[in-house]
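For reference, the structure discussed in these notes is given below.
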Amino acid sequence: MPELPEVEVVRSGLEKWVAGRTVESVEVLHSRATRRHGEGPADFAARLTGQRLEVPRRRGKYLWLPFGGDAALLAHLGMSGQLLVGDAELPSDQPVDPAQLKHLRVRLRFADGGGDLRFVDQRTFGHLMVDDLVPDAFAEGLTVPEAIKHIAPDPLEDAFDGEAFFRRLRAKHTGIKRALLDQSLISGVGNIYADEALWRAKLHWARRTEALTRAETTAVIDAVREVMAEALRAGGTSFDSLYVNVNGESGYFDRSLNVYGRADQPCNRCGTPIRRDPFMNRSAYSCPVCQPRPRHGHY
DNA sequence: CTTCGTTCCTGTACGC
DNA sequence: TGCGTACAGGAACGAA
């Protein structure tokens with residue numbers, strides 16, 4: 001599941017293999033992949049064809065390749081999306097690997113005849129769209145695709161404002177994990193990094209946002225940055241010229257996770273079995289001792 | 001207005 | 001063996 005570090009690995013791969021190249025043709029093989037492009041797959045293809053893609057940018061889990069001065073190809077990988085670059089030695093007119101073919105959703109070919117760009121997505125939660133760039137409400141001088149203007153800066157951006165985050169957090173009436181997953185408050189954090197960061201900061205996922213102290217908030221943000229930086233280092237090493245990213249499950253998931261997916265296994269700090277709670281139709285993992293559950297009426 | 005539950009989708013893992 | 005069900009999960013959407 002791509003969260004910020006995985007998306008950044010993809011972004012840097014696109015910078016290396018796709019930036020500066022001109023789109024010759026676009027095939028949309030599954031219309032759901034462009035469902036967020038309001039004018040339909042044909043318009044998506046038409047707007048992209050002939051355009052020279054520029055250096056890709058990223059905010060949170062979104063990435064986009066600007067073109068033509070005021071537009072961009074915007075991508076979200078969802079749960080299972082991959083952007084893969086074909087082998088330059090394999091002509092683009094050859095069929096792709098049959099194992100990929102099943103979930104190939106969109107294919108871009110380039111005027112230089114080199115490796116094509118494939119959007120492969122098993123569970124189809126990801127999407128591509130062409131969108132106009134608008135001034136960023138969070139940082140002067142930046143532009144962002146219109147469709148994601150509500151997405152807050154991620155904690156690795158200069159534009160991330162810790163003081164504003166604290167103010168907005170305190171104004172909310174919800175649990176800290178819900179807030180971390182709210183991309184309009186802080187972006188790039190998904191279920192895995194939320195649990196990992198809360199474990200590092202020794203905070204329970206249900207702690208009320210309106211009662212968090214400045215120190216606790218700082219600790220969470222620092223923890224998010226740490227765990228993301230570590231993941232980025234791990235993800236950055238497993239890179240292959242055939243692919244923009246290697247398959248999302250290798251490398252990254254072997255990384256040391258302290259709580260995520262470790263139900264009933266000993267906490268790496270205190271040895272207490274990690275607990276799994278149902279949370280928003282999925283799971284929240286925590287250490288019952290390091291992250292004491294807030295008592296009703298308190299915190 | 002804010003908050004929260006539901007929904008989209010497919011493949012894997014498991015219990016009976 | 002085979003069937004049914006739970007689970008994985010980002011974020012748009014609608015209900016309360």
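Convention: sequence-line order gives letters A, B, ...; per-chain numbering from 1.
Per the geometry, CD belonging to Q82(A) stands 14 Å off P belonging to dG11(B), to the nearest Å. Atoms CG (D182(A)) and C1' (dA11(C)) sit 10 Å apart, rounded to a whole Å. A straight line from CD of E6(A) to C1' of dA8(C) spans 15 Å, rounded to a whole angstrom. Atom CD1 of I186(A) is separated from atom C1' of dG10(C) by 16 Å (rounded to the nearest Å). What separates CZ of R36(A) from P of dG10(C) is a distance of 15 Å, to the nearest Å. Atom NE2 in H127(A) sits about 13 Å away from atom P in dG10(C), given to the nearest Å. In this entry the distance linking CG of D277(A) with C1' of dA8(C) reads 17 Å, nearest Å. One atom, NE2 of H103(A), and another, C1' of dG11(B), lie 8 Å apart when rounded to the nearest Å.
Distances shorter than 4.0 Å separate some side-chain N or O of Q183(A) from OP1 or OP2 on dA11(C). The shortest distance between the side-chain N/O atoms of K102(A) and the OP1/OP2 oxygens of dT10(B) is not below 4.0 Å. At the phosphate of dC9(B), neither OP1 nor OP2 sits under 4.0 Å from any side-chain N or O atom of H30(A). Regarding contacts with the backbone of dA11(C), a side-chain N or O of H76(A) is found under 4.0 angstrom from either OP1 or OP2. At dG10(C), none of the side-chain N or O atoms of Y193(A) fall inside 4.0 Å of OP1 or OP2 (strictly under the cut-off).
T22(A) and R52(A) are not linked by any side-chain donor-acceptor pair at a separation below 3.5 angstrom, with hydrogens and angles left out of the test. Between the side chains of R275(A) and S286(A), no donor-acceptor pair is found at a separation under 3.5 Å.
In this structure, S283(A) reaches the sugar-phosphate backbone alone: every heavy-atom distance under 4.0 Å involves primed, P, OP1 or OP2 atoms, never a base. Among the protein residues, F279(A) comes within range of no part of the nucleic acid, since none of its heavy atoms lies under 4.0 Å from any strand. Using a 4.0 Å heavy-atom distance criterion, H150(A) is classed as a sugar-phosphate-only contact.
Considering all non-hydrogen atoms of both residues, D121(A) and G81(A) come closest at OD1-N, 3.2 Å.
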Under a 4.0 Å heavy-atom criterion, the protein footprint on nucleotides 3-8 of chain B, written with B, S and -, is SSSBBB
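A salt bridge does not link E196(A) with R200(A): every distance from a Lys NZ or Arg NE/NH1/NH2 to an Asp or Glu carboxylate oxygen is 4.0 Å or more. In summary, D195(A) and K177(A) engage in a salt bridge, as defined by a charged side-chain N under 4.0 Å from a carboxylate O.
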Side chain to side chain contact (heavy atoms under 4.5 Å, CB included) between V189(A) and V224(A), worked out: CA-CA 8 Å; V189(A) 184; V224(A) 168; 4.0 Å; yes
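The residue from R59(A), R57(A), K149(A) that alone fulfils the salt bridge (charged side-chain N to carboxylate O under 4.0 Å, His left out) condition with D136(A) is R59(A).
Taking the six-membered ring for Trp and thresholds of 30 and 60 degrees, F165(A) and F160(A) have ring planes inclined between 30 and 60 degrees apart.
Listed candidates were dC7(C), dA11(C), dG11(B). Nearest to the side chain of R276(A) is dC7(C).
Taking 3.5 Å as the limit, the base of dA8(C) and the side chain of R123(A) contain a donor-acceptor pair of atoms between them.
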